[in-house]
Amino acid sequence: MKGDLVAGVEVHADRDVCIGAGLCVLTAGAVFDQDDDGIVVVLDEHPADVVAARDAVANCPSGALSLTEE
């Protein structure tokens, strides 16, 4: 996306809502991981790859992920 402006974001995860599907890890593995119970863990709250973070949030089946534009 050369020439596109990509604003920074802050990523949030509601671990009480997470169902452990793991799509976030598959989509943005540098931003998300899963603990031993399969529940999401945020590795990088301010990811450089904003596009991947947005895709992970958009595809989270439980709606546990969100982001705030900075």
Side-chain angles (χ1 to χ4, degrees):
M1 291 199 286
K2 187 175 182 179
D4 290 347
L5 291 176
V6 179
V9 297
E10 182 173 339
V11 176
H12 310 276
D14 185 338
R15 292 174 45 84
D16 292 331
V17 174
C18 179
I19 61 172
L23 293 178
C24 55
V25 177
L26 294 174
T27 306
V31 181
F32 301 101
D33 198 357
Q34 292 174 285
D35 66 14
D36 291 340
D37 295 322
I39 303 301
V40 65
V41 175
V42 177
L43 299 175
D44 184 0
E45 293 180 349
H46 303 280
D49 189 349
V50 174
V51 173
R54 284 186 178 136
D55 286 348
V57 170
N59 293 311
C60 177
S62 67
L65 304 179
S66 62
L67 56 83
T68 304
E69 301 286 335
E70 295 183 324

Side-chain donor/acceptor pairs under 3.5 Å, residues 58-68, sequence neighbours excluded:
| unit_1 | atom_1 | unit_2 | atom_2 | d |
| --- | --- | --- | --- | --- |
| N59 | ND2 | D55 | O | 2.9 |
| S62 | OG | V17 | O | 3.4 |
| S62 | OG | A64 | N | 3.4 |
| T68 | OG1 | H12 | NE2 | 2.9 |

* What residues, two or more places apart in sequence or in another chain, satisfy side-chain contact (heavy atoms from CB on, under 4.5 Å) together with D36? -> none
* Asked: Does A53 have any side-chain contact (heavy atoms from CB on, under 4.5 Å) partners at least two apart in sequence or in another chain, and if so, which?
  -> V11, P47
* Asked: Which pair of non-hydrogen atoms, one from A56 and one from T27, has the smallest distance, and what is that distance?
  -> N-CG2, 3.6 Å
* Kindly work out whether a path of hydrophobic side-chain contacts (I/L/V/M/F/W/Y, heavy atoms less than 4.5 Å apart) joins V25 to V50. => yes
* Asked: Quick check: does any side chain N or O of D37 sit under 3.5 Å from a backbone N or O of I39, one acting as donor and the other as acceptor?
  -> no
* For D33, which residues count as a salt bridge (charged side-chain N to carboxylate O under 4.0 Å, His left out) partner, sequence neighbours excluded? -> none
* Supply the members, apart from I19, of the Ile/Leu/Val/Met/Phe/Trp/Tyr cluster built from side-chain contacts under 4.5 Å; use none for a lone residue. => none
* E45: side-chain contact (heavy atoms from CB on, under 4.5 Å) partners, not counting sequence neighbours -> E10, V42
* Asked: Between A52 and A28, what is the shortest heavy-atom contact and its length?
  -> O-CB, 3.8 Å
